[in-house]
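Take a look at the structure set out below.
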Amino acid sequence: MKGFSRNLTSFFLALLALAPSAAIFVFPLFSLFTDGLQFRQDGFWSGLVDPVLLSKVRFTLYQAGISAVLSGLIGLPLGLILRNSPRASSWLRLPFGVPSLVAAVAWVSILSSSSIRYSFSAVVVAHVFFNVPWIAYAVSSAAASIPQGWEDLARSLGAPRIQRWKVVSFPILAPAWISSCVQAFVFCSMSFALVLILGGGPPVETLETAIYSSVRMGSLDLMMAARLAFWQLLICLAPWVLTRFLWTEVELKGSLVGPLKREPLWHHILGLVWILPYFVFFKDLDWSVIQSAAFWSAVRDPLLLSLQLSVLVAVFSVSWAGLAIGALMSFRQKQYQKLFELFLLMPSGVSTLTISMGFWMAYAHWVDPFEGSVLALTLIQGVVFFPVVFRILLPLFRNRSLSLIHLAKSLGASSFRAWREVEWPRLRAPVLHCLALVSAASLGELSAVSFFSSEKIQTLPLLVSQSMAQYRFDYAHAISALLFVTSAGIALGFQVGRSR
Amino acid sequence: MSLQVTDFHASFSGLSIEASFRVLPGERLVLSGPSGSGKTSLLRFIAGFSGNNSAAGKVFLAGQEISLRVPERRELGVIFQEPQVFPSLSVLENAAFGLRVRGVGRRERRDRVLPWLERVGLGPLADQSPLTLSGGEKQRLALVRALAWGPQALLLDEPFSALDPISRREMGQWLIEIHRENPIPLLLVTHDQDEATRVGTRILAPEIKPGKFRWLGS
């Protein structure tokens, strides 16, 4: 009887957790295939291999491939150097909170007197700078997680350095490095703001910017947009699935390699290099713009809307992740857990514009992109950022301190009380970290915003993009600075909160 | 071919440790003392893994000083307290790792290691991942791995502390039997008196003075 009620609870929890995914992700993608691509009609397949479309596919693969390979080649040694310097490698985490749009504006400023501004090279340079910290951090975290005992054991058996690398380090580092490189590739394929602003127009047009052009730039070619989205889905989802299979969890037990007592200064410099470009627009900032009343009157509403949106998205994705993890943990069989996890993480392999496109097609009766919709933006950004939160929180829930919970219960604490006293203190900091991360990311999100904005619904990233398109760099710099400061402020605020 | 430690001294957490002793071939010397008496530090120093900068002294193996050699050149078999396995290698390849790094071919490795594994009951698991092994099985694997390549001395740091009493006795018995067939110097660190008397042929306890432990033996 108890088993039956547990199964029923598990079933309803799973249903609840899957509902947002079905409504915001699966149904929109299904609609994209059925309505947008109209694959039952003649000419569907010939349309998909149209030479113009295929040239965009090739360019996207080339651009993302070059960016990911360069990032991987730089990220690996950087991560290995910083493996025992946790404070220095924490600098690498800062760029995660920098909106890609802010990065794009910064690079426009840095390359202002260079011939590569608004070119393919500019896009690659910006992508490399954006991805190296991510790959290096993944490598340094994996390297730092290798128990010291393994290295000692290999040495006691007489293994020289190269054998130790092959048997001890490589099996742990390879999945982390390859999978972060693949994720960098997926990110570069899906990259929107950086390509749109730094690419300089049609010669540098990836699938993502082409989808945007076919829907929001003059001509409304839904069929073309859907075909582009199909290719985009294929390019992003295939490597993502590959990554999931590559990622084999290795049992890591025993004392870890201890951090260095005194981290060399040059380690800190190596970490800091990757965030320096984002401060450049402060140098070019026109303070008279910031001080003008007209500026504040123009940005006030978009700022408030951006903040409101970021809070809504953060709360939505963190609550959903909590629910989904609860459902996952209630499954007894591991293969169900794995399948459920795979399904929930799938949105991380699909670009925001593809999801937005599908969302539009699925809910065209209720949501008109040209009217704008805060609800659509919240849901789409929520589904995009949910996998990030899920991946951060899941390992913590998996490592529950069951014996302590049992101890608390044996002392008379209720289930909720036991959870609050034992688990919550451990989870509070990561939950706050996720709220901060998602808020900052949502604040700078441009893809969904470009799709579901209108004159009434405008956010800060949209204002930056518009200012750049109108060559109003002083405004773009000022708004980017505001965006950067607000994102950093949110991240810092939560950081202070979690350390208390 | 004896193992000798001379003029060892180290200090940490306000405690001073000194040691000078010799382990003869075929002897099983047990260092038995309370927690914090420097047993593990001393053993790690002999193996070459001293993280304590204040530790100094000389280690001789078969009359040759090995203190300045890196751990991988000391030719000592070591079994650590926590049963460690290389997760990327099979049980057999774990056991044969010492032979592999010495350039022994795949077939010969298998031929040499399988009898060892059979002997400790791991033969049927030879081609499995070591992650499927229980704590006791991992420690048996560690014993085979430490001996299969033919070290000149064996160091064991509380190797059975994580096992249940029955497995401990069983492992102790295996160790004695295997050591009788391979009479190299064996140094065992334990705080368990019963284990010390069961396994050891000689027990060395520290002289305890305020803030000082001295391990002195012949």
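As a basis for the values below, the full set of heavy atoms in this structure was taken, side chains included, without hydrogen atoms, waters or symmetry mates. Order of the sequence lines fixes the chain letters, A, B, ..., with proteins taken first and strands second; residue numbering starts at 1 for each chain.
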Task: Pair listing, side chain to side chain donor-acceptor pair (under 3.5 Å) test, anchored in residues 120-132 of chain B, at least two apart - done: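 Sorted result for residues 120-132 of chain B: B/R110-B/D127, B/Q128-B/T132.
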
So which heavy atom on [X] is nearest to which on [Y], and how close?
X      : Y      : result
A/S156 : B/W149 : O-CZ2, 3.8 Å
A/W150 : B/F86  : O-CE2, 3.6 Å
A/P160 : B/V101 : CD-CB, 4.3 Å

Task: Those residues that, when tested against A/W134, pass ring-ring contact (aromatic ring centres under 6.0 Å, His included) (two or more places apart) - done: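 Result, ring-ring contact (aromatic ring centres under 6.0 Å, His included) vs A/W134: A/F96.
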
Open item on the list: Holding to ring-ring contact (aromatic ring centres under 6.0 Å, His included), I want the full list of residues that pass it with A/F340, two or more places apart in sequence or in another chain.
Closed with: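 Applying ring-ring contact (aromatic ring centres under 6.0 Å, His included) to A/F340 gives A/F331.
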
- [ ] Answer yes when A/R164 and B/E72 have at least one side-chain N-carboxylate O distance shorter than 4.0 Å, and no when they do not.
- [x]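 A salt bridge links A/R164 with B/E72.
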
Are more than 12 heavy atoms from other residues, nucleotides or ligands located less than 6.0 Å from atom [atom1] of [X]?
X      : atom1 : value
A/W91  : CH2   : no
B/R22  : CZ    : no
B/R73  : CZ    : no
B/R119 : CZ    : yes
B/Q64  : CD    : no

Open item on the list: If the contact rule is any heavy atom under 4.5 Å from chain A, which residues of residues 150-160 of chain B qualify, in numerical order?
Closed with: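 When heavy atoms of chain A are the reference, residues 150-160 of chain B contributes no residue within the under-4.5 Å range.
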
From [X] [atom1] over to [Y] [atom2], what is the distance, rounded to the nearest 0.5 angstrom?
X      : Y     : atom1 : atom2 : answer
A/E151 : B/Q84 : CD    : CD    : 11.5 Å
A/D152 : B/F80 : CG    : CZ    : 5.0 Å
A/L153 : B/F49 : CG    : CZ    : 8.0 Å
A/R155 : B/L76 : CZ    : CG    : 13.0 Å

TODO: Check each atom of B/R102 against the heavy atoms of chain A and say whether the ones under 4.5 Å are side chain, backbone, both or neither.
DONE: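 B/R102 touches chain A through side-chain heavy atoms alone.
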
Task: Within-4.5 Å side-chain heavy-atom neighbours: B/R100 and A/V167 - done: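 Result yes, sub-4.5 Å side-chain heavy-atom pair found.
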
Task: Toward chain B, the part of A/V168 with a non-hydrogen atom under 4.5 Å - done: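 Looking at A/V168, just its side chain touches chain B.
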
